[in-house]
Amino acid sequence: MSYNPSDIESKWQTIWSETGAFEPLDDKSLDKKYILSMFPFPSGRLHMGHVRNYSIGDAMARYYRKQGYNVLHPIGWDAFGMPAENAAIKHGRHPKEWTYSNIDYMRKELSALGLSFSKRREFATCDELYTKWEQEFIIKMFEEKLLYRESTTVNWCEECHTVLANEQVEDGCCWRCSNEVELKEMPGYYLDIRKYADELLDDLKLLEGRWPSQVLAMQSNWIGKSQGLEFSFSFSNDSKEKLENKFNGFDVFTTRPDTVYGVTYTALAPEHPIVKELIKNSLLDADIAEKIIAMGNMTEVERAKADKEGYDLGLTVIHPLTQEEIPVWTANFVLVSYGGGAVMSVPTHDERDFEFATKYNLPMKYVISGGEEGSAYTGDGELINSDRLNGMKNSEAKEAVIKLFEERGLGEGTTNYKLRNWGISRQRYWGSPIPFVHCDSCGLVAEKVENLPIALPEDVEITGEGNPLENHPTWSNCACPQCGADAKRETDTLDTFVQSSWYQFRYATDPKKWNSCGIDKEDVDYWLGVDQYIGGIEHAILHLLYARFFTKALRDLGFIDNLKEPFENLLTQGMVLMDGAKMSKSKGNTVDPDALIEKYGADTARLFTLFAAPPQKELEWNDSAVEGAFRFLKKLYSRKSKVVGNTLPIINQSSLTKDEKIARVKVYEALKRSIDVYEKTFAFNTLIAGCMEALNALDKQKNEEIWREGLYIITHLLEPITPHICAELSQELFESKNLTGGKIEILDEVFVQDTITLGVAVNGKRRAEIEVEAEASKDEIIARAKESIPKWLEGKNVVKEILVPKKMVNLVVK
RNA sequence: GCGGAUGUGGUGAAAUUGGUAUACACGCUAGACUUAGGAUCUAGUGCUUCACGGCGUGGAGGUUCGAGUCCUCUCAUCCGCACCA
């Protein structure tokens, strides 16, 4: 019988499904492994990226299951989000119907890959039962002041008709549709992730060596911690009067307190309240006011590209140390969202300040030695023109100046972060409703927990215009949970990243408890952290930062115990490429997983995916290499005829021929390598290569016992990668004993050789090869080595002889 | 600019602690079997040279008996952040 993948694969998929083969056990005394691939968005069809992601995770899960671990390997659906609404707009399908029918289709696709997921723990994040508990967390966060509502400038995507978080703006454009993001003032809900900035940063240390260094670096940069001095500039009396005494001054933040004596002007962001006040009261020329407003309205991209621009505001402040009067400008390079939206400017020691001061002819004063006239000097040196601090090294002056300000009560050392709070409001329908109510008399009120979930209305019109929940005639009408009066429900829904921030805890919670709680502490305590998380690098900041934050927040809110980090080990898989470019529908360079499985079977698809490149690297698609993977499986399958008995034989090593010994060595080398591969390096490509080598070596000999042992071990090793064919061969040949009996012992005797082949090098260059008895002495080996290369020794003296045991001889000659 | 990575045959890629560079696979060449071959099997395949040999892991140095691997400098490519005061 030749290899027929479709018969074999459907047979085993049925068996696995009927026996519930992959459900984790309730017994918490067992050693556990939690293997998690990032859950998919139900877009409609699987793509090759999914195949890769789940093949990697499945290999790990199956490996640990076979090693006797209690394995949690769940799957679910990240099911809320814009595409469901786009389908409604374009094809008139209800988002809910679209989503659940996509899930049904994709579930079949996953099952055709033979993935060993727990079925009982599957859920979609749009299930009302999931929404219910998520809303409870949100309410708790509100009560604990971790969530608040505020009106502020937000990133708005007109295409998606919604607000975006900072993390969702890429190059000034929407992460989903690439439309340019506009700034807009509007109310929204925020999670105070900044409260956890330090912990999120510090705990990255726990992940060193466990997460890719790139991801750690990206998160660290994103949090962007910097230490410095915060102090305020007071307005001169004239300026105070001009502002009708509404402002005494403003705060600035600097990481260069050592240059404070070099401040020659200050600059405010165009959106700064003081600038707004000046414009409101017509204290600036109309045309200048207009230009300042235009500066503030520029998109982030425009502003980043724009030349430095600014205007003298006609105000002055007093330098806190020198009492000098200094002009106040507004400048487009000052960001309102960072450091109070105001800076002290030291053109002599800051590139930006220098560029600006040069353009507008502002004064400059060098306060650190070492620079050249006519440029900004940002290096180290000694302080000059700095009063009592002259002569001090600037590195020391940083601390000294902070101390000086603190002693005089003028300012203090502080820490600043680039990280901004997470805006979670979305003005869309297909999301989890934010469970709050607006009451005329009580204000913003959280819904009562017993009323959860606040579910979406089914009868909704989705046109792409405006917020469908807001447009719904009756949905938002409700009673105030506090006073009972008529009130309005919040129509914003939660960012979909909220759902993916806690799904790892939901999977860990026994499904029998899903009705009674969102997260079960004990279950989470047993299963978490996730031993191996697998997904794309595109989530390096967004999802992985949010999920880390949620873990810490849920712990502090008492929903989970003592867990620091959700994902202990992270593997970021490379992209799947075709002709050097990322596969995408728009480029038309995709490979359809269904067609691939149809033609070659799931085992070939999985084998190719893991063989063509290590999982961390990009994977270049290659049709003939897929054929090659298929060819190998056909060959493997056909060799079953070589096996007669059905047990792992006990082989007398000393009676074997050379080829038989080589075959054994190759088989056991692969077995040895597998531990490192499955537990540490994930270089499945090298394990597969090892199995191919072993099979090639087996083909060069005829001993039935060697064949039996070889296939017993090879099918054992490959089962996590190509489970169907291995299950089939194992059942047929070995009554499945090699897949259920735990570890196979590595026999050291196999590696003992009677003769050893050694390379012979002269001055480090390989010149010959010799074969010596295993127990040959060093002198014997050296003598043999010399005999093998007479022409290289002619007329030379051997000055040094180096023997590297079992590897080579190096003779140094002169 | 800051941060992170990666450079090995025609291609995807291997190579514990420094120890015979290019395993495995694809492709290619030749042959066998075949009505046929886009099936299967066998052999060959880093570059160069008639040959002995020489040269080969982006480049240049260095350490070493010996370097893809360690050190210094440098070039190229990719990714992330980016006027963060």
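Just so we're clear, the structure is a prediction, and the values are computed from it rather than from any experiment. Letters go in sequence order (proteins before strands), and every chain restarts at 1. Just the heavy atoms: all of them, side chains too, but no hydrogens, waters or symmetry mates, feed the values below.
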Student: If pairing requires Watson-Crick or G-U wobble contacts with both distances under 3.5 Å, which nucleotide is the partner of B:G38?
Tutor: none

Student: Is B:U29 paired to anything, Watson-Crick or G-U wobble with both distances less than 3.5 Å, and if yes, which nucleotide?
Tutor: B:A43

Student: Using Watson-Crick or G-U wobble geometry with both distances below 3.5 Å, tell me the partner of B:C50, or none.
Tutor: none

Student: Starting from P on B:C81, measure out to CZ on A:R420 and report it in whole angstrom.
Tutor: 14 Å

Student: With a 4.0 Å limit, can you tell me whether A:K617 has a side-chain N or O closer than that to the phosphate oxygens OP1/OP2 of B:A13?
Tutor: yes

Student: Under 4.0 Å between a side-chain N/O of A:R303 and OP1 or OP2 of B:C83, yes or no?
Tutor: no

Student: For B:C81, what is the paired nucleotide under Watson-Crick or G-U wobble rules, both distances under 3.5 Å?
Tutor: B:G1

Student: Suppose we call a contact any N or O donor and acceptor under 3.5 Å apart; does that hold for the side chain of A:K308 and the base of B:C83?
Tutor: yes

Student: Side-chain N or O of A:K806 less than 4.0 angstrom from OP1 or OP2 on B:G19?
Tutor: no

Student: Mind calculating the distance between CD1 (A:I537) and C1' (B:U6) to the nearest angstrom?
Tutor: 14 Å

Student: Whole angstrom is fine here: how far is it from CD in A:Q616 over to P in B:A13?
Tutor: 12 Å

Student: Got a salt bridge between A:K778 and A:E801, using NZ or NE/NH1/NH2 to carboxylate O under 4.0 Å?
Tutor: no

Student: Does the base of B:C65 carry an N or O that pairs as donor and acceptor with the side chain of A:N810 under 3.5 Å?
Tutor: yes

Student: Hydrogens and angles aside, do A:R176 and A:Q168 bring a side-chain donor and acceptor to less than 3.5 Å of each other?
Tutor: no

Student: Taking A:K225 first and then A:D198, would you say they form a salt bridge - that is, a charged N and a carboxylate O separated by under 4.0 Å?
Tutor: yes

Student: Between the side chains of A:K359 and A:D307, is the shortest nitrogen-to-carboxylate-oxygen separation below 4.0 Å, so that they form an ion pair?
Tutor: no

Student: Please name the nucleotide paired to B:G12 by Watson-Crick or G-U wobble geometry with both distances under 3.5 Å, or report none.
Tutor: B:C24

Student: Which value, in whole Å, describes the distance between the P atoms of nucleotides B:G10 and B:U45?
Tutor: 15 Å

Student: At under 4.0 Å, does any side-chain N or O of A:T757 touch on OP1 or OP2 of B:U20?
Tutor: no

Student: With rounding to whole Å, what would you report as the distance between B:U16 and B:U69 at their C1' atoms?
Tutor: 12 Å

Student: Are A:D579 and A:N589 linked by a side-chain donor-acceptor pair shorter than 3.5 Å?
Tutor: no

Student: Please give, in whole Å, the distance from B:U64 P to A:N763 CG?
Tutor: 15 Å

Student: Tell me whether A:E271 is salt-bridged to A:R303, with the criterion being a basic N under 4.0 Å from an acidic carboxylate O.
Tutor: yes

Student: Please give the distance between the C1' atoms of B:A51 and B:C33 as a whole number of Å.
Tutor: 38 Å

Student: OP1 or OP2 of B:A23 less than 4.0 angstrom from a side-chain nitrogen or oxygen of A:N685, does that happen here?
Tutor: no

Student: Syn or anti for B:G9, given that syn means the glycosidic angle lies within 90° of 0?
Tutor: syn

Student: Taking 4.0 Å as the cut-off, does a side-chain nitrogen or oxygen of A:T686 come that near to OP1 or OP2 on B:A15?
Tutor: no

Student: Just the rounded figure in Å: distance from P of B:A14 to CG of A:L687.
Tutor: 13 Å

Student: With both distances under 3.5 Å as the test, what is the Watson-Crick or G-U wobble partner of B:G7?
Tutor: B:C75

Student: Take atom CG of A:L419 and atom P of B:G80, then tell me their distance rounded to the nearest Å.
Tutor: 20 Å

Student: Give me the ring orientation class for A:H272 and A:F250: parallel if the planes are under 30° apart, tilted from 30 to 60°, perpendicular past 60°.
Tutor: perpendicular

Student: Would you measure the distance from the P atom in B:A67 across to the matching atom in B:C83 and give it in whole Å?
Tutor: 47 Å

Student: B:A76 and B:G59: how far apart are their C1' atoms, nearest whole angstrom?
Tutor: 10 Å

Student: Take the protein atom CD of A:E693 and the nucleotide atom C1' of B:A15, then report the distance between them rounded to whole Å.
Tutor: 11 Å

Student: Nearest whole angstrom, please: distance from the P of B:C52 to the CH2 of A:W792.
Tutor: 11 Å

Student: Looking at A:R767, does any N or O in its side chain come under 4.0 Å of the phosphate oxygens OP1/OP2 on B:C52?
Tutor: no

Student: Taking atom P in both B:U17 and B:U29, compute the distance separating them and give it to the nearest angstrom.
Tutor: 40 Å

Student: When you measure from the side-chain N and O atoms of A:K765 to the phosphate of B:G54, is any distance below 4.0 Å, counting only OP1 and OP2?
Tutor: no

